[in-house]
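As structure tokens, the structure follows; a few thoughts come after it.
As the structure is a computational prediction, the values presented were derived from the model and not from experiment. Both ligands and their constituent atoms are indexed starting at 1 by order of listing.
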Amino acid sequence: MAVMSVAGRRIMYLVTLLLVLCSTGVFSVPTPSGSGGSTSTKPFGTCKSIQKRKEWRSLSNTEKFQFLYAMNCILSKPGRTPASIYAGAKTRYDDLVATHINQTFEVHYVGHFLPFHRYYTWTMEKMLRQEAGYTGTFPYWDWHRDVGQGNTKFFSSPIWDANLGFGGNGAYLPVPAAQAAFAVPGRTGGGCVTTGAFKNMVVNLGPGNDFSGNGARCLSRDMSPYFSGRYLSKNQTKVTLAAKNFYEFDVIVEGGPSFEASGIHGGGHYGIGGTLGIMGDLYVSPGDPAFWIHHSNLDRVWWSWQKLKTANMQDFGGPSCLMDYYKPGETQKCANATTDMPLNLGYADMIKANVGVKVKDVMNIREMCYDYDFLLDINGNDYPNPL
Ligand SMILES: *[C@@H]1O[C@H](CO)[C@@H](O)[C@H](O)[C@H]1NC(C)=O
Ligand SMILES: *[C@@H]1O[C@H](CO)[C@@H](O)[C@H](O)[C@H]1NC(C)=O
Ligand SMILES: *[C@@H]1O[C@H](CO)[C@@H](O)[C@H](O)[C@H]1NC(C)=O
Ligand SMILES: [Cu+2]
């Protein structure tokens with residue numbers, strides 16, 4: 001078991017000390033209407049500037065510390081979900097997790113899967129800035145850097161750093177017999193995360209769709225370098241970026257149309273969460289803070305695909321209800337998803353413009369006031385994104 005260094009302990013002590021600031025609410029900023037002016041009818045307003053997201057490794061140590069601190073702040077702030085609605089939702093972070101659990105079968109294996117998660121990740125960024133005083137860069141995890149050369153490479157990623165990172169794997173636990181047949185191949189852990197900025201974290205909601213809070217438990221990880229090596233490889237990204245239209249792109253990303261198959265989305269979830277880890281639980285996966293940097297990179301892949309061809313930018317499609325993919329000769333249960341579909345985040349909502357957010361509002365990330373420092377070309381290689 002990894003022992004935390006003196007520096008690591010000092011950092012955690014500092015995080016704990018600073019959380020007092022968080023609970024006093026010094027970071028709270030008056031609720032704005034959209035990101036820009038209140039006169040705008042667009043939910044994201046007019047951008048004062050474009051926030052450039054960067055890979056975790058490109059953040060300075062100070063920025064990493066501030067980011068991990070701000071996450072802990074959101075994890076400790078009282079939430080807005082009334083106990084009468086979801087008794088287990090206690091913190092501001094739980095507001096986000098609860099809305100994901102509530103909509104699990106409405107926002108996965110559907111056309112609006114990527115738009116929903118783009119808006120969801122944007123909301124975490126907004127929350128960190130507005131309610132936890134974060135002023136740095138919102139990070140993404142370029143998984144290509146950590147897969148492909150055997151197990152040790154994945155485990156030793158700076159993402160999992162015990163001092164200035166998300167902490168590592170859990171100790172190995174066997175899976176209960178009932179789950180053995182469905183166990184994620186190559187899983188190596190399952191126990192609690194014991195290092196890093198989230199080692200004391202309590203996951204209040206879940207497992208699954210349990211909102212009661214009775215299942216409160218540690219943050220667990222069950223990493224599978226085998227699984228991530230397969231589905232987070234540059235080859236898999238290349239296969240994904242080769243999609244001819246959005247419908248096809250979404251199917252490849254989600255590994256549809258079947259629950260058994262995987263794509264880059266599942267590559268991160270099961271590569272980190274395996275069978276017993278929080279990231280592997282379809283409902284409560286945002287309960288692992290690593291969720292946000294995985295989804296930020298997934299969003300970067302979508303944005304990179306959108307930028308490959310003019311026609312890709314506004315292309316959209318796919319089913320509006322779970323797994324209702326079009327198959328020749330079969331009748332679909334639901335209408336196809338359209339860009340007029342509303343995206344709803346319940347008590348986690350950070351937009352108070354009363355205009356609602358629709359798929360069409362999140363098609364262009366620059367209208368959401370952010371972009372990425374590097375994008376991916378058709379071969380899955382990074383190129384600098386001129387801003
Ligand atoms: C690349 O990915 C495709 C699709 O998943 C797979 O069929 C192919 O074998 C992979 N190629 C390599 C070189 O891994
Ligand atoms: C849904 O989209 C698919 C793929 O673009 C298309 O073939 C199908 O006809 C559409 N279904 C409906 C009900 O409009
Ligand atoms: C849960 O989801 C349903 C259906 O999308 C929605 O109507 C309801 O408002 C959601 N509840 C909360 C508390 O977010
Ligand atoms: Cu999700």
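- For a threshold of 3.5 Å applied to N or O pairs, the pair formed by Q332 and ligand 2 contains at least one separation below that value.
- Surrounding CZ of F182 are at most 12 heavy atoms belonging to other residues, nucleotides or ligands under 6.0 Å away.
- Of the charged side-chain nitrogens involved, none lies within less than 4.0 Å of a carboxylate oxygen, so that K358 and D361 do not count as a salt-bridged pair.
- Protein heavy atom in closest approach to atom 4 (C) of ligand 1: V239 CG2, 3.9 Å.
- Residues D373 and K52 are not paired through a salt bridge, judged by the lack of any N-O separation under 4.0 Å between the basic side chain and the carboxylate.
- For ligand 3, the atoms closer than 4.0 angstrom to any heavy atom of Y347 are 13 (C).
- Residue contacts with ligand 3, taken as heavy atom pairs separated by less than 4.0 Å, do not involve T81 at all.
- For atom 12 (C) of ligand 2, the nearest protein heavy atom (residue, atom name, distance) is N336 ND2, 3.4 Å.
- In the vicinity of Y326, heavy-atom distances shorter than 4.0 Å reach the ligand 2 atoms 3 (C), 7 (O), 8 (C).
- We find that R53 and D371 are not joined by a salt bridge, their nearest charged nitrogen and carboxylate oxygen being 4.0 Å or further apart.
- Ion pair E131/R92 flagged as a salt bridge, since at least one NZ, NE, NH1 or NH2 atom sits closer than 4.0 Å to an Asp/Glu carboxylate oxygen.
- With hydrogens and angles disregarded, no donor-acceptor distance shorter than 3.5 Å links the side chain of R118 to the backbone of S296.
- Within 4.0 Å of atom 9 (O) of ligand 1, not a single protein heavy atom is present.
- Contact annotation: for R230 versus ligand 1, heavy atoms closer than 4.0 Å belong to the side chain alone.
- Counting heavy-atom neighbours within 6.0 Å of K244 NZ, excluding the residue itself, gives a total of 12 or less.
- When only interatomic distances are considered, the shortest N/O to N/O separation between Q103 and ligand 3 does not fall below 3.5 Å.
- In terms of polar-atom proximity, defined here as any N/O pair under 3.5 Å, N102 does make such a contact with ligand 3.
- Checking atom 14 (O) of ligand 1 against the protein gives a heavy-atom contact under 4.0 Å.
- Among all protein heavy atoms, the one lying closest to atom 11 (N) of ligand 1 is N235 ND2, 2.8 Å.
- For atom 2 (O) of ligand 2, the nearest protein heavy atom lies closer than 4.0 Å.
- With hydrogens and angles ignored, the 3.5 Å screen pairs a side-chain donor or acceptor of T99 with a backbone N or O of L345.
- For ligand 3, the atoms sitting less than 4.0 Å from at least one non-hydrogen atom of E106 are 4 (C), 5 (O), numbered in the order shown with element in parentheses.
- Contact check for E367 versus K42: side-chain heavy atoms found under the 4.5 Å cut-off.
- Listed by number with element, the atoms of ligand 1 under 4.0 Å from a non-hydrogen atom of Q236 are 5 (O).
- With a 4.5 Å cut-off on side-chain heavy atoms, L128 and I74 count as touching.
- The proximity of K238 to ligand 1, defined as any non-hydrogen pair under 4.0 Å, does not occur for either the backbone or the side chain.
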